[in-house]
Amino acid sequence: MTQIQPELTEDIKKYGAFDFTACYNCGNCTAVCNLTEKNSNFPRMMVRYSMLGLKEEILSSKELWMCYACGECSDTCPREAGPGALMANLRRYAIANYEKTGLTRLMFKNNPFFIAITLILAVVLTFFLLTIKPDTEVARWLFRYVPYEVLHSFGMGAFALMGLSALVGVIVMWRYIGKDKKIAFTGEFFKKAVNAAKEVIGEVATLKRYQNCDSDSSLWSKKAVWLRPWFVHWTIMWGFIGLLVATTLDFMFKDPATTIWWPSRILGTIAGILMVYGSTVALNYRFRKITKTYANTLLADWMFLGFLWLAGVTGFWLEVAVAMGADMLINHVVLMIHIVISMELVILFAFSKFAHAFYRPLALFMHHL
Ligand code: SF4
Ligand code: SF4
């Protein structure tokens with residue numbers, strides 16, 4: 001049974017939306033959106049759901065994950081109701097509702113909390129790294145007050161909490177999307193699952209629907225491909241994936257400090273270039289507020305892009321320092337910053353903007369099924 005929640009409109013606004021209640025349902029946004037399909041009347045439908053307080057419909061909708069936040073609909077809305085910004089907000093709202101510890105909700109809605117948790121984590125991780133060699137001065141001083149086991153358990157607990165929260169979040173999302181649907185694990189089901197996986201992997205790998213956002217009338221159609229939002233997003237995504245693979249290979253097979261010509265190091269360098277390029281351009285667009293979408297940047301966006309940029313730049317710094325054999329204090333500090341930021345990205349993966357990286361493909365996969 002459909003449940004209406006009158007307080008939903010105000011709650012959604014806390015995730016950063018414009019005043020979408022100004023909407024008078026003209027349908028212009030749906031008409032201009034290049035991604036809306038025959039049976040998925042968005043973003044107008046999502047505006048209606050939000051105004052009517054239809055939480056279940058929002059959390060189970062496919063449309064939420066079909067939008068790439070190009071902002072074309074917001075730019076042309078006669079009521080300045082910000083339908084594109086609302087779509088981005090609803091994704092934040094959905095992730096916060098799937099994730100059950102309440103941390104994501106706090107991080108999206110409460111900026112001081114977001115900053116505080118990031119700083120606390122940075123301090124704890126720094127101490128953790130300083131104590132990896134238990135015979136150092138810092139380690140001996142720290143262990144007088146905080147036993148090594150406590151620090152170690154905290155680190156393991158944080159990683160476990162992240163993994164568990166992501167898993168629970170996906171199960172909750174599945175319950176919304178799959179409600180009222182009966183599943184029989186037959187050959188037909190698995191065939192469909194393979195086809196759905198192929199479809200989603202193809203979409204995520206090439207962002208081919210996102211490319212369709214560049215309509216002839218949009219600002220981006222006049223820009224070079226490498227400056228368009230879909231390409232910038234693509235470079236950040238593949239840059240991060242490439243770095244994750246390269247780091248894992250380095251960790252598994254060899255000491256990464258020995259040569260830059262090792263295949264995993266070459267992969268890391270190419271991936272790093274992609275990620276630094278993408279995050280630099282994305283930050284530049286947001287600083288310059290180049291469109292309404294970029295003007296509507298929240299702390300969660302700044303932090304996410306800033307962390308990716310810093311992780312990439314410090315990674316290159318270390319690459320040069322290692323190649324030159326420069327064993328200087330500054331390089332040790334940069335190494336510390338690099339590791340702390342990379343670990344924060346991983347620990348906060350399930351609770352930050354980063355979470356869209358796994359909710360979107362999984363939601364699309366479930367809907368394809
Ligand atoms: S959000 Fe704007 S463009 Fe879309 S239906 Fe409402 S008033 Fe029209
Ligand atoms: S932001 Fe772009 S993709 Fe999303 S609903 Fe608006 S026009 Fe469509």
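One-based numbering, in listed order, for ligands and for the atoms of each.
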Trainee: Would F240 and F354 count as a close aromatic pair, with their ring centres under 6.0 Å?
Mentor: yes
Trainee: Say whether G71 and ligand 2 are in contact under the criterion: heavy-atom distance to a ligand atom below 4.0 Å.
Mentor: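 G71: in contact with ligand 2 (<4.0 Å).
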Trainee: In terms of residue, atom name and distance, what is the protein heavy atom nearest to atom 6 (Fe) of ligand 2?
Mentor: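 Nearest protein contact, heavy atoms only, for atom 6 (Fe) of ligand 2 is C73 SG, 2.2 Å.
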Trainee: Just jot down the ligand 2 atoms closer than 4.0 angstrom to any heavy atom of Y68, in number order.
Mentor: 3 (S)
Trainee: Which residue owns the protein heavy atom closest to atom 2 (Fe) of ligand 2, what's the atom, and how far is it?
Mentor: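 Scanning the protein heavy atoms, the shortest distance from atom 2 (Fe) of ligand 2 goes to C70 SG, 2.3 Å.
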Trainee: Go through ligand 1 atom by atom and flag the ones less than 4.0 Å from a non-hydrogen atom of P78.
Mentor: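 Listed by number with element, the hits are 3 (S).
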Trainee: Tell me the contacting part of N25 for ligand 1: side chain, backbone, both, or neither, using a 4.0 Å heavy-atom threshold, strictly below.
Mentor: backbone
Trainee: Show which atoms of ligand 2 fall inside a sub-4.0 Å distance from at least one heavy-atom site of P43.
Mentor: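 Near P43, meaning under 4.0 Å from one of its heavy atoms, ligand 2 has 5 (S).
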Trainee: Which ligand 1 atoms, with their elements, are less than 4.0 angstrom from a heavy-atom of G27?
Mentor: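 In order of number, 5 (S), 8 (Fe).
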Trainee: Are the side chains of T30 and M45 in touch, meaning some heavy atoms are under 4.5 Å apart?
Mentor: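 Heavy-atom side-chain distance check fails, nothing below 4.5 Å.
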Trainee: Of all the non-hydrogen atoms in the protein, which one sits nearest to atom 3 (S) of ligand 1, and at what distance?
Mentor: C29 N, 3.3 Å
Trainee: For T280 and W309, does a side-chain donor sit closer than 3.5 Å to a side-chain acceptor?
Mentor: yes
Trainee: Tell me, which protein residue and heavy-atom name are nearest atom 8 (Fe) of ligand 2, and how many Å apart are they?
Mentor: C33 SG, 2.3 Å
Trainee: Say you draw a straight line from CD1 of I337 to CG of L125; how long is it, rounded to the nearest 0.5 Å?
Mentor: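 Those atoms lie 13.5 Å apart.
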Trainee: Please state which part of Y24 comes within less than 4.0 Å of ligand 1, counting heavy atoms only: side chain, backbone, both or neither.
Mentor: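 Both the backbone and the side chain of Y24 come within reach of ligand 1.
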Trainee: Evaluate whether atom NZ of K192 has more than 12 neighbouring non-hydrogen atoms of other residues, nucleotides or ligands under 6.0 angstrom away.
Mentor: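 Not buried by this count: 12 neighbours or fewer within 6.0 Å.
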Trainee: Suppose I only count heavy atoms of C26 and a 4.0 Å limit; which atoms of ligand 1 are within that range?
Mentor: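 Here the atoms of ligand 1 in question are 3 (S), 5 (S), 7 (S), 8 (Fe).
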Trainee: In terms of residue, atom name and distance, what is the protein heavy atom nearest to atom 4 (Fe) of ligand 2?
Mentor: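 Among all protein heavy atoms, the one nearest atom 4 (Fe) of ligand 2 is C67 SG, 2.4 Å.
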Trainee: If we only count heavy atoms from C-beta on, is the M107 to L348 side-chain gap below 4.5 Å?
Mentor: yes
Trainee: Can you check whether Y294 and F287 have ring centres sitting under 6.0 Å from each other?
Mentor: no
Trainee: Please determine if E99 and R105 form a salt bridge, counting it only when a charged side-chain N lies under 4.0 Å from a carboxylate O.
Mentor: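 Judged by the 4.0 Å cut-off on N to carboxylate O distance, E99 and R105 do not form a salt bridge.
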Trainee: For ligand 2, which atoms, with element, lie under 4.0 Å from some heavy atom of F42?
Mentor: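 Listed by number with element: 5 (S).
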Trainee: Have N212 and R209 got a donor and an acceptor in their side chains that come within less than 3.5 Å?
Mentor: no
Trainee: Against heavy atoms of L35, which atoms of ligand 2 measure under 4.0 Å?
Mentor: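 Under 4.0 Å from L35, ligand 2 has these atoms: 3 (S).
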Trainee: Less than 4.0 Å between a side-chain N and a carboxylate O, is that true for D11 and K55?
Mentor: no
